[in-house]
Amino acid sequence: MRFCKKCGESIFMVFGKPDVDCECKPFCIVDEDGEEHTIHAHDSKDAALKYARKSNENGDYYLMNTTVQITVNGELFGIGAEPDVHYSARAL
């Protein structure tokens with residue numbers, strides 16, 4: 001399996017065509033401070049989600065339990081994050 005160098009998504013190789021290109025495209029994100037960012041994605045919502053994920057990578061989790069407004073190619077989105085709990089059990 002290969003991954004797109006621009007958007008990070010997996011690219012399935014088509015039989016006989018080892019170099020199938022990803023169909024992602026660049027989206028312009030304008031954050032709450034008016035700064036512009038470029039995110040490669042397949043659509044506006046995907047770009048907003050990728051930006052939200054990338055925003056929380058530095059460990060401060062400023063999106064946790066809040067909503068921040070951004071624009072993606074002129075379309076307004078509210079992005080946020082919620083904690084995700086995973087449970088496990090094992091016999092002792």
Side-chain angles (χ1 to χ4, degrees):
M1 186 178 334
R2 293 188 319 132
F3 293 91
C4 177
K5 292 177 182 167
K6 294 177 183 177
C7 73
E9 296 293 323
S10 61
I11 301 171
F12 294 103
M13 296 173 65
V14 177
F15 182 74
K17 293 185 176 184
D19 291 322
V20 175
D21 291 330
C22 182
E23 295 180 1
C24 67
K25 58 186 176 185
F27 287 85
C28 178
I29 310 283
V30 179
D31 66 19
E32 67 274 14
D33 296 326
E35 293 182 30
E36 291 186 6
H37 308 269
T38 300
I39 298 287
H40 282 78
H42 293 106
D43 58 36
S44 297
K45 184 176 180 182
D46 185 36
L49 288 170
K50 285 178 185 280
Y51 177 76
R53 219 174 282 120
K54 183 178 179 184
S55 296
N56 268 348
E57 282 181 349
N58 62 3
D60 65 1
Y61 299 104
Y62 84 99
L63 288 178
M64 194 64 64
N65 297 320
T66 191
T67 301
V68 174
Q69 291 185 355
I70 62 169
T71 59
V72 180
N73 286 3
E75 187 177 354
L76 187 63
F77 282 89
I79 59 171
E82 297 178 15
D84 190 10
V85 178
H86 296 275
Y87 296 95
S88 63
R90 63 184 175 100
L92 301 176

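For the numbers below, each heavy atom of this structure counts, side chains included, while hydrogens, waters and symmetry mates do not.
- Residue Ile70 holds its CD1 atom at 10.5 Å from SG of Cys28, rounded to the nearest 0.5 Å.
- A distance of 7.0 Å separates CG in Asn65 from CD in Glu82, rounded to the nearest 0.5 Å.
- More than 12 heavy atoms of other residues, nucleotides or ligands lie within 6.0 Å of CD in Glu32, so this atom counts as buried by the packing criterion.
- For the pair Gly78 and Thr67, the tightest heavy-atom approach, listed with the atom from each and the gap, is CA-CG2, 3.7 Å.
- When all heavy atoms are compared, the tightest approach of Asn73 to Pro26 is ND2-O, 4.3 Å.
- Linking Ile, Leu, Val, Met, Phe, Trp and Tyr whenever their side-chain heavy atoms come within less than 4.5 Å puts Phe77 and Tyr51 in one cluster.
- Across all their heavy atoms, Lys50 and Glu9 have their closest contact at NZ-OE2, 2.7 Å.
- The NZ atom of Lys45 sits 11.0 Å away from atom CD of Glu75, with the distance rounded to the nearest 0.5 Å.
- Note on Tyr62: it does not cluster hydrophobically with Leu49, by side-chain heavy-atom contacts below 4.5 Å among ILVMFWY residues.
- The minimum heavy-atom distance between Asp31 and His37, with the atom names listed, is OD2-NE2, 2.9 Å.
- Asp43 contributes atom CG, which lies 12.5 Å from atom CD of Glu23 (distance to the nearest 0.5 angstrom).
- Cluster annotation: Val30 is not connected to Val72 through the hydrophobic network of ILVMFWY side chains, with a link wherever side-chain heavy atoms come within less than 4.5 Å.
- Minimum heavy-atom separation, His42 to Cys22: NE2-SG, 3.5 Å.
- A continuous path of Ile, Leu, Val, Met, Phe, Trp and Tyr side chains, each step under 4.5 Å between heavy atoms, connects Ile39 with Leu63, placing both in one hydrophobic cluster.
- Contact record, Lys6 with Cys24: CB-SG, 4.0 Å, taken as the closest heavy-atom pair.
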